[in-house]
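Report on the structure given below.
Treat the numbers as computed from the prediction; the structure is a model and nothing was measured. Note that ligands are numbered from 1 as they come in the structure, with each ligand's atoms numbered from 1 the same way. Below, each value reflects all heavy atoms present in this structure, side chains not excepted, and no hydrogens, waters or symmetry copies.
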Amino acid sequence: MQLAETFAQMDAFLERSLLRPDPVLQAIAENSAKAGLVPHAVTPLQAEFLAFLIRISGARRVLEIGCLGGYSAVAMARALPDGGSLLTTEIDTRTARVAQANIDQSGFGERIDLQIGPAMEALERAHAAGAVFDFVFIDADKVNHRNYLEKALQMARPGTLIVADNIVRGGDVLDAQSRENSVLGVRQMFAYAETLDGVEMTALQTVGAKGYDGMALFRVSQ
Ligand code: DHB
Ligand code: MG
């Protein structure tokens, strides 16, 4: 059996064993697929991993950079305590319409502020307004991974957790000669990470239904 197939089957096995039926997220996945969105949302197990981190850390103010169909936004908003809020950004207007409908349908819409337009513009607006976040999920265009991390750190407090998605990309990130913009963006993020002080950092390589990838984790020291 191909390894990729084993990864996908193992993902399905873990999902069946550990997750309960989730009509809310399932509806979002189905609507997103029907609307023709790219299949880049986090997997159900990854969504629960993000929800875990939010619950463990006690985060109340979440920033998501890159909304797509709203799958991870709803998974994270649902993990928040009452009074929690999540700001998410989506550059593509049609995608944002699908996401907003999914968010409205989820029952967690009042916790979620979806801003349409380039993520960096939304981040600059939030920063100018004095926003501070307890938890950040970076999952937009990988070209700007480094810039998003920098901006997230500017809106962090001691203890803020930042998760950056897609930091392995099948191992393509190893290629220092790569001309692929997303690989360059991720490599720039790691070069930037080398310069950081006062930030605890680690990474998880992941395999599963979405192949071989990973997440980097950052925590501002207290
Ligand atoms: C891609 C983007 C993602 O955020 C992801 O989780 C998987 C793939 C992509 O651009 O290929
Ligand atoms: Mg991603």
(request) Let me know which of D165, N166, T202 forms a side-chain contact (heavy atoms from CB on, under 4.5 Å) with M215. (result) D165

(request) Flag yes if I162 and M120 sit in one hydrophobic cluster, no otherwise; membership is Ile, Leu, Val, Met, Phe, Trp, Tyr, and two members link when side-chain heavy atoms are under 4.5 Å apart. (result) yes

(message) Tell me whether F49 shares a hydrophobic cluster with I28, the cluster being built from Ile, Leu, Val, Met, Phe, Trp, Tyr side chains joined at under 4.5 Å.
(response) yes

(request) Provide the protein N, O or S atoms situated under 2.8 Å from the Mg ion (ligand 2); waters are not included. (result) D139 OD1, D165 OD2, N166 OD1

(message) Taking R111 first and then D82, would you say they form a salt bridge - that is, a charged N and a carboxylate O separated by under 4.0 Å?
(response) yes

What short N/O contacts, under 3.5 Å, does ligand 1 make with the protein, listed by atom pair and distance?
unit_1	atom_1	unit_2	atom_2	d
ligand 1	4 (O)	D139	OD1	2.8
ligand 1	4 (O)	K142	NZ	2.9
ligand 1	4 (O)	N166	OD1	2.7
ligand 1	6 (O)	H40	O	3.1
ligand 1	6 (O)	D165	OD2	3.2
ligand 1	6 (O)	N166	OD1	3.1
ligand 1	6 (O)	N166	ND2	2.7
ligand 1	6 (O)	K210	NZ	2.6
ligand 1	11 (O)	R169	NH2	3.1

(request) Could you tell me which residues satisfy side-chain hydrogen bond (donor to acceptor under 3.5 Å, both in side chains) with D134, sequence neighbours excluded, listed by chain and number? (result) R61, R157

(request) Mind jotting down which residue pairs meet the side-chain hydrogen bond (donor to acceptor under 3.5 Å, both in side chains) criterion with at least one end in residues 167-176? Sequence neighbours excluded, please. (result) none

(request) Output yes when a side-chain donor or acceptor of T6 lies under 3.5 Å from a complementary backbone atom of Q2, and no otherwise. (result) yes

(message) Between R55 and E48, does any side-chain N to carboxylate O distance fall below 4.0 Å?
(response) yes

(message) Pairing donors with acceptors under 3.5 angstrom, does anything connect the side chains of Y148 and D141?
(response) yes

